[in-house]
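Quick note on labels: first sequence line is chain A, next is B, and so on, each numbered from 1. No experiment lies behind these values; they were computed from the predicted model shown.
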Protein chains: 2
Amino acid sequence: MAEREQDLSIGQVAERTGLSVHALRFYEQEGVMFGPVRRGPGGRRVYGEQDVGWLNLCVVLRGSGMPLPEIRRYTELARQGPGTERDRLALLLRHREAVDAQMEQLRRCREIVDHKVRVYEDALDGAAALAEADAAGPARPGLGRSA
Amino acid sequence: MAEREQDLSIGQVAERTGLSVHALRFYEQEGVMFGPVRRGPGGRRVYGEQDVGWLNLCVVLRGSGMPLPEIRRYTELARQGPGTERDRLALLLRHREAVDAQMEQLRRCREIVDHKVRVYEDALDGAAALAEADAAGPARPGLGRSA
DNA sequence: GCTTGATCTCGAGTCGACTCGAACTCCTAG
DNA sequence: CTAGGAGTTCGAGTCGACTCGAGATCAAGC
């Protein structure tokens, strides 16, 4: 049997996807592989480039907060093939909105943190300048509790 | 004792912060309150506006992925008052970087999802147009496995 | 033949952040 | 006086996503 050029062991797939070997088996069990994973001699898993591609998509979706059950649903729809495009699109649109919401939340947080950073930097600069001028100025108070 | 205008019950604080009553007690126990929470008659917690402000900051930090132990560390530094500004600033800078990294990851993910959305929309539009023209065109294949 | 390292299955353990429930105390309204 | 609702403490339970470990198997190199 011609062993295809692209055949990969679970370890190689782990390297290429950034997932652990354990996680790969776990994902398979959770039904997020596109199709059944081929097995080589000795029952070892054999992956193709397609599997790697699918897994990398899964990694992206996970990395943006999609829970595994939802990824499984998407996988099932894709597996069913033609006729499920509308559902797949709807799922992706929902996820895109979730991603947008996350980005918005992060943006707001970043602004607040940024503001605090500036306040601290100004205060420390001020204190440094004071120390330079006065050689004994204690740090300015009032940076504590208030947001 | 003059009951201050701003005194709030745990339930009111829950409303104002979006945290649950349970979570508020949990946060207190985890040491992320700025100071010890006052107690009213019958041992009930009494919060002031300052507490709400601090909690809202905690909510923002949590919402951007800062783990509770790190929030506790920040709280301890703030509690110690003057002299810890440099450490607080360093902590905030680190967190800002973490936030930036998250945003970057989300941005990349969003692009990928967006691309897939466009592909599906085009395909569905095409199918719709086909159906209009041909009245029997099946959905275009090739939307399955490839990323 | 023997060791080494990767793989296999299966079940259990971990971690973070809450969440829940039980049993009790209070205050207020009717 | 009593019923309801909000509060208290404490410990246990939950959830998601892995992670880990034990014990067995397999392929290659010395």
Side-chain angles (χ1 to χ4, degrees), chain A residues 1 3 7-33 36-48 51-52 55-75 95 98 102 105 109, chain B residues 1 3 7-33 36-48 51-52 55-75 95 98 102 105 109:
Chain A
M1 195 167 279
E3 186 174 293
D7 282 358
L8 298 167
S9 74
I10 195 170
Q12 291 173 311
V13 173
E15 264 178 37
R16 277 169 180 65
T17 59
L19 294 164
S20 75
V21 168
H22 284 295
L24 283 170
R25 290 192 278 251
F26 175 70
Y27 274 29
E28 180 181 342
Q29 174 180 325
E30 291 296 294
V32 298
M33 294 303 293
V37 178
R38 275 182 294 144
R39 296 302 180 115
R44 301 192 167 191
R45 289 171 179 82
V46 178
Y47 298 83
D51 294 311
V52 174
L55 280 166
N56 278 329
L57 172 60
C58 292
V59 167
V60 165
L61 295 176
R62 275 294 303 126
S64 51
M66 186 183 286
L68 277 182
E70 186 109 350
I71 299 184
R72 171 166 52 220
R73 220 179 97 63
Y74 183 71
T75 305
H95 184 57
Q102 279 184 80
Q105 184 179 11
C109 160
Chain B
M1 195 167 279
E3 185 173 294
D7 282 358
L8 298 166
S9 73
I10 196 170
Q12 291 172 312
V13 174
E15 263 177 39
R16 276 168 180 65
T17 59
L19 294 164
S20 75
V21 168
H22 284 297
L24 283 170
R25 290 192 279 247
F26 175 69
Y27 273 30
E28 180 180 343
Q29 174 181 324
E30 290 296 293
V32 298
M33 293 303 293
V37 178
R38 274 181 294 143
R39 296 303 180 116
R44 302 192 165 192
R45 288 171 179 82
V46 177
Y47 298 83
D51 295 310
V52 174
L55 280 166
N56 278 330
L57 173 61
C58 292
V59 166
V60 165
L61 295 176
R62 275 294 303 126
S64 50
M66 186 182 285
L68 277 182
E70 186 109 351
I71 299 183
R72 169 166 53 220
R73 222 179 96 63
Y74 183 70
T75 304
H95 183 59
Q102 279 183 80
Q105 184 178 13
C109 160

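- With a 4.5 Å cut-off on side-chain heavy atoms, A:Arg45 and A:Arg25 count as touching.
- Considering only side-chain N and O atoms, A:Arg39 lies under 4.0 angstrom from the phosphate OP1 or OP2 of C:dT9.
- Of the two residues contacting DNA chain D, namely A:Gly42 and A:Ser20, the nearest-nucleotide position lying further toward the 5' end is that of A:Ser20.
- A sub-4.0 Å separation between OP1 or OP2 of D:dC26 and a side-chain N or O of A:Arg44 is absent.
- Distances from the side chain of A:Arg25 to the nucleotides D:dT9, C:dT7, C:dA17 place C:dT7 closest.
- If you measure from atom CD1 of B:Ile10 to atom C1' of D:dG5, you get 15 Å, rounded to the nearest angstrom.
- Taking atom CD1 on B:Ile71 and atom C1' on C:dA17, their separation rounds to 11 Å, with Å as the unit.
- Nearest to the side-chain atoms of A:Phe26 among the listed nucleotides D:dG21, C:dC8, D:dA17 stands D:dA17.
- Taking 4.0 angstrom as the limit, B:Tyr27 places a side-chain polar atom (N or O) nearer than this to OP1 or OP2 of C:dC18.
- Residue B:Arg73 places its CZ atom among 12 or fewer non-hydrogen atoms of other residues, nucleotides or ligands, all under 6.0 Å distant.
- Scanning atom types as modelled, no donor and acceptor separated by under 3.5 angstrom connect the side chain of A:Arg45 and the base of C:dC8.
- Listed candidates were C:dC8, C:dC20, D:dC18. Nearest to the side chain of B:His22 is C:dC20.
- Distance CG (B:Leu24) to C1' (D:dT8): 14 Å, rounded to an integer number of Å.
- Contact between the side-chain N/O atoms of A:Ser9 and the OP1/OP2 oxygens of C:dA6 is not found at any separation under 4.0 Å.
- If you measure from atom CD of A:Gln29 to atom C1' of D:dC20, you get 14 Å, rounded to the nearest angstrom.
- Closest contact between the side chain of A:Arg62 and the listed nucleotides D:dC18, D:dT25, C:dC18 involves D:dC18.
- Atom OG1 in A:Thr17 sits 5.0 Å away from atom CG in A:Leu24 (nearest 0.5 Å).
- Between the CG atom of B:Leu19 and the P atom of C:dG16 there is a distance of 19 Å, rounded to whole Å.
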